[in-house]
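Heads up: the structure comes next, in C-alpha cells.
Worth knowing before you read on, the calculation uses all heavy atoms, side chains too, and leaves out hydrogens, waters and symmetry mates. Values in this document were obtained by computation on a predicted structure and should not be read as measured data. Every chain is numbered from 1, with letters handed out A, B, ... down the list of sequences.
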Amino acid sequence: MTTPALNLSNIELHYGFVRALDSVNFHVNPGEIVGLLGDNGAGKSTLLKVMSGAHRPTTGKIEVNGRELHFHTPKDASDAGIQMVYQDLSLVEAQDIATNLQLGREQLRPFPFNLFGIVDHGAMQRSSAAQLDRLGVRTAPMTRPVEMLSGGQRQVIAISRAAVRVMEGNKTGHNGIILLDEPTAALGYEQTRLVEGLILKMAQEGIAIVLVTHNLPLCFKVADRIVVLNRGRKVADVRKNDTDNDSVVGWITGAKAAEVTA
Amino acid sequence: MTIADPSPQSTRLPFNIAALVFVRERGIIVLWVLLLIFFAIYDHPYFASVSNFLLILNAASLTAVFAAGVGIGAISGTLDLSVAGVAAFSSVVAGKLIILGYPVWLALIAGMSVGILAGFVNGLITRRGLNPLVVTIGTLSMLSGLAAVVADGYTIPGLSKLTFMGTARYFGIPAHVYIVTVVYLIGTIFLTKTRDGIRLVAVGGNPEAVRRVGINSARYQLLGFVLCGACSALGGLMTAALVTEASPQANPGSIFEALTAVALSGVSLGGGRGSLPKVFVGAAILATISNGLTIAGVPPYWATVTTGVLLISALVIDRTLTRTISERLVVMSGHISHPKKP
Ligand SMILES: Nc1ncnc2c1ncn2[C@@H]1O[C@H](COP(=O)(O)OP(=O)(O)OP(=O)(O)O)[C@@H](O)[C@H]1O
Ligand SMILES: [Mg+2]
C-alpha cells in the first residue's frame, strides 16, 4: 500500500460550541484526486483549512508523506509541500501573468543589480512560460495583466502557481498536495473545462489533489475517490467507480446511511 | 494534453480594445501635448520658448514632488493627507537648525529624517486597522502644531543658505527641475524594476493575495507611508529653499494640487495601479494651464476652474474607458466560451 501524501486521523475542530469537524479521518495519495463534497456548512472549507495550516484542529493527527507534522501557520503547511488555492482574491489584478506567477520568488538581475533588488522581467517571463508549458497551460502572453483574462484563465493561473510551488519546493520527498476550494464556482462550462484539464494534468504529475466542489458532474469527471461530509462527520469515502450520482446526493442530504469503503 | 484556450483571439487583443487601452494608458500624455500645442498657438509668440518651458517645469516641480509622495502612497493602497503638515514640520526643523548655526547638510538630513519618521508613525498607527484618511488628518494637525512650537509661532526667515536648492540655476536649468528629475527617476525605477517596488504595487492592488504567497503585506504598506513622508519632507525643504524662509503654517493647497495631479494621472485611489511619470505629467498639466492662461491675461482663478473641469472629465473618461474595455473583453471571452468545434 502506498503512503498517503496527506493523512488526517481523528480530526476534531470546534468553533466555540459549534463542532465543525467530528473525528474525521481523511487521506489522499500521490497523484490521486479526492472530491470532497457536502452541503453548505458541512465542514468542507474547515477541513481544508486544517490541511492548509490556517486552522489548528482541537485534536487529531496530521501526517505528510508518513511523517507527523504540526502546522502552526499556513507557512508550515506550504513548507511541507501543501498549497491551498482560494476561490478568489489570489491574484493581483493590475499586474501581469508573469509577475503574479513569480510573486514572492522574483528573480533578480545578476550582480551588481541584485544589490538594488532589480528584478529580471525577461527571466521571470521565460520561467513563467516554461512553467505553464510544463502544465500544458496556454492562456495569454505573460505580459497580459490578469484583469484582462477571463475567469477561467485567472483560476488556471492561480492553480498553476500553486502547482509550480509544490513541484519546485520539492524538498519534502513527495510530489506535493494541492487543496482547491470550489475552483469552478464562478465559471461557465468552457471555463470549467480549462480548470478540469489542469486538475487532471497536475494529478498526472503526481500531485495529490483535494477538490472541494458543489459541482457533481465535475467531481465525477475528475475524482478518483469521493468523500462526503455531513454536519462535520464523514459519511462516505468511496471510489468513484463504486458509486453513482444518486448515492452521493443521498449522503450529501443525509438521506443515505454512512458508507466508508475506500 | 494541452489546456489551451480554443480561441486565437486570446493571445492578441483585437485592435479596438488595444486602441482603447492605449487611450486609457497614454491619454494624459496626449492631453498635455494638446495643451502645449493649444497654448503655443493661442499665446503666440510668448508661450512656445525654451525659457517658458523651463518656467512651466519649475512651477510643476514642487507639486510634482508632493504628488510623487501622494501617488506612491495611493499606489500602495493608502491615502496620506498629512503631506502639508510633514512639509511644514521638516522645513521648520531644518530652518531652525540652520539659524542655530548647524551645517546645512545636517539640517537637511534632520528635515528628511523627521519626514520619514512621520511616515513611519502614520504607517504604524494605520496598521491598527484605523482609517488612513482620519489618521493622517490627525497627524497633519499635530505636525503643523508641533511646527509652530519649534518655530515659536513665527516664520523662520533668512535661510539664504538654501538657495542652492531653491532659486539657483545650473546650466540655465532651475535647481528644482534637477531634484524632481532625480526623484521621479529613482521612484519610477523603484516601482517598476525592483522587487520591493513591485511588491509595494501588488500590496496596493490586493494585500490579501500578497499575504497568501507568504509576503508580509503590512511591511510594504508601512513602506508606502515612509516614502510618502520622505517626499513630503523634501517638498517642504524645497519650498523653504525657494522662499528662503520656513513657515510653520501647513499649506493645504499643496495637498490639493498633489491629489489633483495624481488623480489626473489615472493612479487609482484604490491602489495597485498607476505610474509615476504620468503623475509628473499630471503636475505639468496643472502648471501648463496656469502658465498659459496667465500669459493670455486670463485671471488666475480661471486656471483653477479649468483644472477642476479637466480633473472631473478625466475621471469620467477613465471610468467610461475602463468599463467599455471590460465589457468588450467579456464579449471576447464569450467567444472563448463557445468555440466552434471542428
Ligand atoms: N470562523 C468560524 N467561526 C465560527 N463558526 C464557523 C466558522 N467558519 C465556519 N463555521 C461553521 O462551521 C461549520 C462548517 O463550515 P464550513 O465553512 O467548513 O462549511 P462548508 O462545507 O465549506 O460550506 P460551504 O459549502 O457553504 O462553503 C458551519 O456550521 C459554519 O457555520
Ligand atoms: Mg466552504
Which atoms of A:L91 approach chain B - backbone, side chain, both or neither, heavy atom under 4.5 Å: backbone

Sidechain N-carboxylate O distance under 4.0 Å for A:E205, A:R134: yes

Residues A:T143 and A:Q125: side-chain donor-acceptor under 3.5 angstrom: no

Heavy-atom proximity to chain B below 4.5 Å, by part of A:L132: neither

Electrostatic pair A:D181-A:K44, nearest N-O below 4.0 angstrom: no

Interface residues of residues 272-285 of chain B facing chain A - heavy atom cut-off under 4.5 Å: B:G272, B:R273

Chain A contact via B:I198 - which portion, at a heavy-atom distance below 4.5 Å: both

A:L47 vs A:L13 side-chain heavy atoms within contact, under 4.5 Å: no

Donor on one side chain, acceptor on other, A:Q191 and A:S150, under 3.5 Å: yes

Leading residue by heavy atom contact count with chain A [cutoff under 4.5 Å; candidates B:D196, B:T194, B:I189]: B:T194

Which atoms of B:T192 approach chain A - backbone, side chain, both or neither, heavy atom under 4.5 Å: backbone

Lys/Arg cation over aromatic A:Y86: B:R212, 6.0 Å, 45° cone: yes

A:Q155 vs A:T184, side-chain hydrogen bond (donor to acceptor under 3.5 Å, both in side chains): CA-CA, chis, key distance, verdict: CA-CA 8 Å; A:Q155 195 58 272; A:T184 61; over 6 Å; no

Side-chain donor-acceptor pair present, A:Q131, A:S160, cut-off under 3.5 Å: no

B:V203 portion near chain A, given a 4.5 angstrom heavy-atom threshold: neither

Residue A:F220 excluded, over 12 heavy atoms near CZ under 6.0 Å: yes

Proximal component of A:R161, with respect to chain B [non-hydrogen, under 4.5 Å]: side chain

Side chain / backbone / both / neither for A:S90 at chain B, heavy atoms under 4.5 Å: both

